[in-house]
Protein chains: 2
Amino acid sequence: MGSAKTKDKFRAFMLDKGLKSTRQREVILEEFLSVGSHLSTEELYLRLRRKNPRIGYATVHRTLKLFAECGIAEQRHFGDGQARYEASDLDEHHDHLICTSCGKIVEFEDPRIEQLQEKVARQHGFSIERHRLELYGCCESCR
Amino acid sequence: MGSAKTKDKFRAFMLDKGLKSTRQREVILEEFLSVGSHLSTEELYLRLRRKNPRIGYATVHRTLKLFAECGIAEQRHFGDGQARYEASDLDEHHDHLICTSCGKIVEFEDPRIEQLQEKVARQHGFSIERHRLELYGCCESCR
DNA sequence: CATCCAATTGAAAACGGATTTCAATTTAAT
DNA sequence: ATTAAATTGAAATCCGTTTTCAATTGGATG
């Protein structure tokens, strides 16, 4: 049932900002968390329409932005020109492997790489706020 | 005078594809190489207009795409919604540090990180074709 | 040099995803 | 129930990118 903790975080955020709880937001949150992967606004919108024909694209768009602002989702761009959102795993960070043939997206994490990133940044006088690492290539089943 | 080698590569590419050498292409190539950094189409267009008021945005756009196709330039996206092009240093690859405050872009290269990337990809059955690593943060002079 | 065909150009239109507008509706506090 | 403020959805707008098309240019040929 999605992460209850994530839902709590969103509800707290809404309360804090004086935002209202609506049927649409509940439905969108539920569907977003249950799918979990790297959805574009369009994809999520189409999914939601199957069960909720009256929901509007603009609402999905606005709600995803809310999720991102609240911190329970992150916006990504993988170079196909449209934004994608993924549920953020609260504390943990990860990067992506993307198959250029079938589009499969695999998440990974490597603290050694992160460490080296910090080092490089320090050498150039930067303090890192966030980073983006994407490896594009061909997955096993596509070969 | 830009890299003569780069110009040669572009000329060879044009010859090979049966494309024509035009005044516009020469001017655009010259300006692009002399500026070198991470230019958007718009920025390059405006620069060119200063000395060549009759040049069209579409031509700049198409020529930059030609550069990318030929391999003398690479298209990048740093999340501000517009494409940027940089001259590609033929053999060498590099990644980017981007200051979120002033927009400064610094290039770096770290073979240890690249090695670890290969390793991670292999573990997931991927063979890497290319990658993207960007570190966003705050540069020295902005603190 | 004159001619011709294909490539190129630039202005304007079209495109596509993201975002905003606005009147109607819904929420939730009173 | 009443009311003010937030929300919704359809449609319009925005903005960078890409394409269209008539006019121009490159360069190969006779």
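Order of the sequence lines sets the chain letters (A, B, ...), proteins ahead of strands, with each chain counted from 1.
Remark: P of C:dT9 and OH of B:Y45 are 14 Å apart, rounded to the nearest angstrom. In this structure, the CD atom of A:E42 is 15 Å from the C1' atom of C:dT19, given to the nearest Å. Between the CG atom of B:L39 and the P atom of D:dG16 there is a distance of 16 Å, rounded to whole Å. Atom pair B:M14:CE and D:dG26:P shows a separation of 12 Å (rounding to whole Å applied). Atom CG in B:D80 sits about 15 Å away from atom C1' in C:dA18, given to the nearest Å. Distance CG (B:L46) to P (D:dG16): 11 Å, rounded to an integer number of Å. For B:L15 and C:dA7, the CG to C1' distance is 14 Å, given to the nearest whole Å. Rounded to a whole Å, the CZ atom of B:R84 is 11 Å from the P atom of D:dG16.
Near DNA chain D, meaning a heavy atom under 4.0 Å away, the residues from residues 52-67 of chain A are A:R54, A:I55, A:G56, A:A58, A:T59, A:R62.
Proximity of B:S21 to B:E26: side-chain heavy atoms (C-beta onward) are separated by under 4.5 Å at one or more points. Looking only at side-chain heavy atoms (C-beta outward), B:E140 and A:H124 stay at 4.5 Å or farther from each other.
Taking NE2 from B:H96 and OH from B:Y136, the interatomic distance works out to 9.5 Å, rounded to the nearest 0.5 Å.
Summarising the geometry of B:H93 relative to B:E109, their closest heavy-atom pair is O-CG, 3.1 Å, with the distance given to 0.1 Å. For A:L29 against A:F67, the heavy-atom pair with the smallest separation is CA-CZ, 3.5 Å. In this structure, B:C142 and B:S101 approach most closely via the heavy-atom pair SG-OG, 3.4 Å.
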Could I get a table of every N or O pair under 3.5 Å where one atom is in the protein and the other is in nucleotides 13-15 of chain C?
none

Produce the list of close N/O pairs, under 3.5 Å, pairing protein atoms with atoms of nucleotides 26-29 of chain C; give distances to one decimal.
residue: C:dT27; atom: O3'; partner: A:S21; partner atom: O; Å: 3.4
residue: C:dT27; atom: O2; partner: A:K20; partner atom: NZ; Å: 2.7
residue: C:dA28; atom: OP1; partner: A:S21; partner atom: N; Å: 3.3

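A:H131 pairs in a side chain to side chain contact (heavy atoms under 4.5 Å, CB included) with only one of the listed residues (B:D95, B:L135, B:L97), which is B:L135.
In this structure a side-chain-to-backbone donor-acceptor pair under 3.5 Å is missing from A:R76 to A:R132.
Using a cut-off of 4.0 Å between Lys/Arg side-chain N and Asp/Glu carboxylate O, B:E31 and B:K51 are scored as not salt-bridged. Ion pairing of A:R112 with A:E114 is absent here, as no side-chain N (NZ or NE/NH1/NH2) approaches a carboxylate O to less than 4.0 Å.
With D:dG16, C:dA18, C:dT9 as the choices, the nucleotide that has an atom nearest any side-chain atom of B:R25 turns out to be C:dT9.
In summary, the side chains of B:T41 and B:Q82 do not present any donor paired with an acceptor at a separation below 3.5 Å, with no hydrogens or angles considered.
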